[in-house]
Amino acid sequence: MSQQKKENSTAKSRALTIVGVVLCVVLIPILAVNITLIIKSYTNTDEVPKIGGYCPLIVLTGSMEPEIASGDLIICKQIDGEQVKVDDVIAFFDPEGNGTSIITHRVVRVVNENGSLSFQTKGDANNTADAQLVSADKLVGIYQFKISGAGNVAMFMQTPAGLVICVVLPLALIIGYDIIRRRRYEKKNQQDTDALLAELNELKAQKAEQQTDDNLE
């Protein structure tokens, strides 16, 4: 193999290794988080799944546009109701909902009546404030940051097709590449070993021939 071919093969191998590492770094945490959230959603049915006090939520409506759009993935931090201030964006269980639906709106007024804390909220894209006050016990968390469009990806990953395409297939490709890489490495080592043995045998033959010539002299 020429030096140029060796360099090209090495560069290709390094590039594939980097791609494999990046995929592992990206996919394995996503898979771990998804599994953790799924387990927690079944073990704690009355609570929103959280990791270290933070919960990821998928935005399904455009009521908070332009800051937060439908399909975004937002991260909210669990806090006490006393920490909420006007203009904070909070996630809360819908007072008019079925007890499981969550809304993310901005606080426009904090109400404290005889020690009972509640919040008046409003979507940035809505013309009027929400009809009902949100009691502090409905609070899920305060908005921290968003990952634009990641909510759509997260919802797709929860489907069988999404799980296969986004998790199973890339992991299978990584494992397959690692197997192929190991076999190529072993094959190259065997070729190098065979070449070394052939060279040693050639040297032995040359030495034996030299000794024969010396004896004849």
Side-chain angles (χ1 to χ4, degrees), residues 24-159 162-163 166-167:
C24 286
V25 170
V26 172
L27 292 174
I28 291 177
I30 291 176
L31 182 60
V33 170
N34 277 343
I35 292 174
T36 301
L37 293 177
I38 290 172
I39 293 173
K40 287 192 173 185
S41 67
Y42 281 101
T43 56
N44 299 292
T45 56
D46 296 331
E47 298 182 4
V48 178
K50 299 181 179 70
I51 298 178
Y54 291 84
C55 60
L57 299 171
I58 299 171
V59 180
L60 301 177
T61 70
S63 63
M64 281 298 294
E65 291 182 349
E67 182 173 349
I68 303 173
S70 175
D72 288 348
L73 179 70
I74 64 172
I75 304 300
C76 294
K77 180 182 179 182
Q78 185 178 18
I79 63 170
D80 294 329
E82 291 78 9
Q83 297 176 266
V84 176
K85 306 181 298 297
V86 172
D87 207 38
D88 284 342
V89 176
I90 61 171
F92 53 91
F93 288 104
D94 184 2
E96 299 179 340
N98 57 8
T100 59
S101 58
I102 297 175
I103 297 175
T104 303
H105 279 176
R106 192 177 302 277
V107 176
V108 294
R109 185 163 64 99
V110 177
V111 180
N112 192 336
E113 296 180 347
N114 300 321
S116 179
L117 192 63
S118 59
F119 316 104
Q120 186 171 37
T121 55
K122 176 181 176 297
D124 289 355
N126 296 343
N127 294 324
T128 59
D130 299 331
Q132 291 193 20
L133 295 177
V134 179
S135 58
D137 63 328
K138 299 286 186 182
L139 181 65
V140 173
I142 184 170
Y143 167 72
Q144 297 293 292
F145 63 90
K146 69 174 182 178
I147 305 175
S148 298
N152 291 328
V153 177
M155 286 191 293
F156 178 67
M157 286 183 65
Q158 293 175 12
T159 66
L163 185 64
C166 297
V167 178

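Basis for what follows: all heavy atoms, side chains included, without hydrogens, waters or symmetry-related copies.
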Exercise for the section: Heavy atoms only: give me the nearest G123-M64 pair and the separation to one decimal. Expected result: CA-SD, 3.8 Å
Handout entry: Heavy atoms of other groups near K122 NZ, more than 12 under 6.0 Å
Key = yes
Fill in the blank from the handout: Closest non-hydrogen contact found for E96 with A131 is OE2-CB, 3.7 Å
Exercise for the section: Under the side-chain hydrogen bond (donor to acceptor under 3.5 Å, both in side chains) rule, collect the residues that match up with D137, sequence neighbours excluded. Expected result: S135
Practice task
Flag the pair F119 / I90 as yes when at least one side-chain heavy-atom distance between them is below 4.5 Å, and no otherwise.
Solution key: yes
Problem - N126 side chain reached by H105 side chain, heavy atoms, under 4.5 Å - result: yes
Handout entry: Pairing residues for D72 by the side-chain hydrogen bond (donor to acceptor under 3.5 Å, both in side chains) criterion, not counting sequence neighbours
Key = none
Problem - Nearest-0.5 Å distance that lies between atom CG in L60 and atom CD1 in I103 - result: 11.0 Å
Handout entry: Euclidean distance, Y54 OH relative to Q78 CD, rounded to 0.5 Å
Key = 11.0 Å
Completion exercise
In terms of heavy-atom contacts, V107 and K85 come closest through CB-O, 3.7 Å
Exercise for the section: Using the side chain to side chain donor-acceptor pair (under 3.5 Å) rule, take T121 and D130 through it: C-alpha gap first, then chi angles, then the decisive distance, then the call. Expected result: CA-CA 6 Å; T121 55; D130 299 331; 2.4 Å; yes
Practice task
Could you walk me through whether I142 and V89 pass the side-chain contact (heavy atoms from CB on, under 4.5 Å) test, one step at a time?
Solution key: CA-CA 6 Å; I142 184 170; V89 176; 6.0 Å; no
Problem - Closest contact, heavy atoms only, G62 versus A125 - result: O-CB, 3.5 Å
Problem - Beyond-backbone contact of V84 with I79, side-chain heavy atoms, under 4.5 angstrom - result: yes
Exercise for the section: For the residue pair D124 and S63, establish whether any side-chain heavy-atom pair is separated by less than 4.5 Å. Expected result: no
Problem - Inter-residue atom distance L73.CG - I58.CD1, 0.5 Å rounding - result: 6.5 Å
Problem - Side chain to side chain, P56 and I75, heavy atoms closer than 4.5 Å - result: yes
Problem - Non-hydrogen side-chain atoms of R106 and E67 separated by less than 4.5 Å - result: yes
Exercise for the section: Side-chain contact test, heavy atoms from C-beta onward, threshold under 4.5 Å: evaluate it for L139 versus V134 and give yes or no. Expected result: no
Handout entry: Where K146 and S148 come nearest, the two heavy atoms and their spacing
Key = CE-OG, 3.6 Å
Fill in the blank from the handout: Exactly one of S116, P95, S118 clears side-chain contact (heavy atoms from CB on, under 4.5 Å) with L133, and that residue is S118
Completion exercise
Distance col, row I102:CD1 vs C55:SG, nearest 0.5 angstrom, shows 7.0 Å
Exercise for the section: For atom CD of Q83, decide whether the heavy atoms of other residues, nucleotides or ligands shown that lie under 6.0 angstrom number more than 12. Expected result: yes
Exercise for the section: Would you mind reporting whether V59 and I74 have side-chain heavy atoms less than 4.5 Å apart? Expected result: yes
